[in-house]
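Comments concern the structure below.
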There are 2 protein chains.
Amino acid sequence: MNHGGNMVGIEDVAAAAGVSTATVSRAIRGLPRVSPRTRAKILATAKELGYVPSSAASRLASGKTHTIGVLAPYVDRWFFGKAIAGVDRELHGRGYNLSLFNLGGRTQPRERLFSKAMVQKQIDALLLLCMYLHQEEIEDLHAIDMPLVVVGGPVPGLSNVGIDDYQAARTITEHLIELGHRHIALLHGQDDSDLNFSVPRIRVEGFHDAVHQAGLEFDPDTALFGNFTVESGVEAMRRFLELPAPRPTAIVCASDEMALGVMFEARRHGIRIPEELSVVGIDGHEMAAAVGLTTVWQDPTAQARRGTQMLLAELGGDEGAVHPENAEQRLIVRESTAPPRH
Amino acid sequence: MNHGGNMVGIEDVAAAAGVSTATVSRAIRGLPRVSPRTRAKILATAKELGYVPSSAASRLASGKTHTIGVLAPYVDRWFFGKAIAGVDRELHGRGYNLSLFNLGGRTQPRERLFSKAMVQKQIDALLLLCMYLHQEEIEDLHAIDMPLVVVGGPVPGLSNVGIDDYQAARTITEHLIELGHRHIALLHGQDDSDLNFSVPRIRVEGFHDAVHQAGLEFDPDTALFGNFTVESGVEAMRRFLELPAPRPTAIVCASDEMALGVMFEARRHGIRIPEELSVVGIDGHEMAAAVGLTTVWQDPTAQARRGTQMLLAELGGDEGAVHPENAEQRLIVRESTAPPRH
DNA sequence: CTGAAAGCGCTAACAT
DNA sequence: ATGTTAGCGCTTTCAG
């Protein structure tokens, strides 16, 4: 253990092992063209000396940062937390670092983070978590010259891994229809600025199509809005309760978090679920299971891992590794849905 | 916009502006000793040429990475997600990067991440999110030669910013006692390996002291265990229901997430809260508000921001900036608590 | 399979 | 206030 001062460098190892720095470099990075014996010796002395390569020097010389950037609009929300965990799990152990860029929900007044150069010099590849994007940001993204994948909602022109949101919304809505519901309310998920954030819109489309194809009508007055949070679900339920009778017998929420808010507030008002109101969500939040919410399950962690694998493969020279891919989703019927009473 | 190939370097800017690279460097970094005129000119040409400094070169030459490392046991749990968001918010705009090291809950078989050199070469400072630590890891931490702060539970010998967990547990327990409860159950928060993870233990102590000082006795049979997740709260409630009568009239949970699980499962079994059972938690989870859970609120985001500020100040030359600091906490009484019936 | 040497693109004295 | 000049510690041809 040598303290503070002069960290041991590659030259020290080279000298101690009686070889050149070039050989040490190859040996340590597991490159070929090093005899087993020399490699063993080098590795041994390196460990003995407590040598750790300077990533800064390595970056400069090689041009590789061994860092993956993750751009997320939030980190403290279900989908994003799960996804970030997935990226990390995939990176960990492969010697890659995870650099987190959290846009903190700020929408308008955010600098052009993607500006080619700014990001390009810090990371080898970018994983974008689904979010709203301004037109110019999308353009910047297209201009970025490095492996790039988006996890979650689709972004025009970019490869993404995620569920089929349209189908998810249809599935969950049809479940309600099959149970006999004819009057269904919708809690839109609408983010701060959804100019190009397609997930909310796509889910809504799935809902509408399911309703219309069943020959039902959607009463625009029963369209509620929320921003994907539990709180907004609570508020939406308050507004729902003010709707004139006959009220819808079911409500489809664009996310589990909002659905949970709806359920909580319903209970608070003594409305029994599912007897008086059926509630469904989309996502597969752990709490959804705990409260018995019927939903379409998805696994953001797995999606993020998949996206990361693609990025890594592409970096490893496997061209075309990054490509659009649909993720697993599954209807899970629990106790928040039942036939309407009438 | 020049594509791919040769990124413009500091020399290009220097040449174009008719100055030396040293001056360009100073100008761009906002250092003194540059006349306003030259600086303006340099900034202009830099922007015009689309120049962005190579962070790799800068790191190598200066020894500073402008990156803060965040070590977290989880990223997809309430406290951690909130905290990471806080760090990022503080870093963003100050030109610092956030490098996330997620231990993914793996406890035993994890390499010595803190190994001085390994981490030291990649970051300027470290923010540790409260978690269990093995003895040797604590030692490694002490050996690390850079600003270091822990957010959340205290770690022996290290500065931390967080709430007084002992007091939080006492407060919430005394609330129950004041309401008249004499028979109180406890849902311990116990992580995978809590050898040195003091938060659970400290909260339990607060609970016990409150109970004993009120002249009450704690029935060891009513000690339940969970791992801070909602699911574990659900399971704990199932075990609670198997307790022989007379059952406790209240239960204090070491975290809101567990308390939520308890509430959900209680409802499922038709147990009315608070009439038949009072439930309390600790944390201030958003959902706690939605379901009316009485709790001791805290703000992990603010704590993390504070910790980050200390780190940044210390890096800025402000020695002693990093120091232990208690964070705000507050009892929030909602609808999950009431006097016992009897 | 191994070594020599030229950078990678900045920063930091030290001069001027 | 500005320029000169060594490096920072690796990686990478190119030889041998």
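All values below come from the heavy atoms of this structure, side chains included, with hydrogens, waters and symmetry mates left out. To find a chain, count down the sequence lines: A is the first, B the second, and so on, and within it residues start at 1.
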I need the [X] [atom1] to [Y] [atom2] distance, nearest 0.5 Å.
X: A:E48; Y: A:K41; atom1: CD; atom2: NZ; answer: 9.5 Å
X: B:L158; Y: B:H142; atom1: CG; atom2: NE2; answer: 4.5 Å
X: B:L127; Y: B:M310; atom1: CG; atom2: CE; answer: 10.5 Å

Closer than 4.0 angstrom, basic N to acidic O: yes or no for A:D76 and B:K82? yes
What nucleic acid atoms does A:S55 come within less than 4.0 Å of, heavy atoms only: base, sugar-phosphate, or nothing? nothing
Go through DNA chain D in 5' to 3' direction and return only the first and the last nucleotide with some atom under 4.0 Å of chain B's heavy atoms. D:dA1 to D:dG9
If the sugar-phosphate is the primed atoms plus P, OP1 and OP2 and the base is the rest, what is the B/S/- string for nucleotides 6-16 of chain C, using protein heavy atoms under 4.0 Å? -BBBBSBB---
Looking at C:dG3, I'd like to know if its phosphate oxygens (OP1 or OP2) sit under 4.0 Å from a side-chain N or O belonging to A:T23. yes
Could you check if a side-chain atom of A:R89 sits within less than 4.5 angstrom of a side-chain atom of A:T301, using non-hydrogen atoms only? yes
So does B:E325 have more than 12 non-hydrogen atoms from other groups sitting under 6.0 Å from CD? yes
Please name all residues satisfying side chain to side chain donor-acceptor pair (under 3.5 Å) with B:E90, sequence neighbours left out, ordered by chain then number. B:R94, B:R305, B:Q309
Would you call the rings of A:H66 and A:Y96 parallel, tilted or perpendicular if under 30° counts as parallel and over 60° as perpendicular? parallel
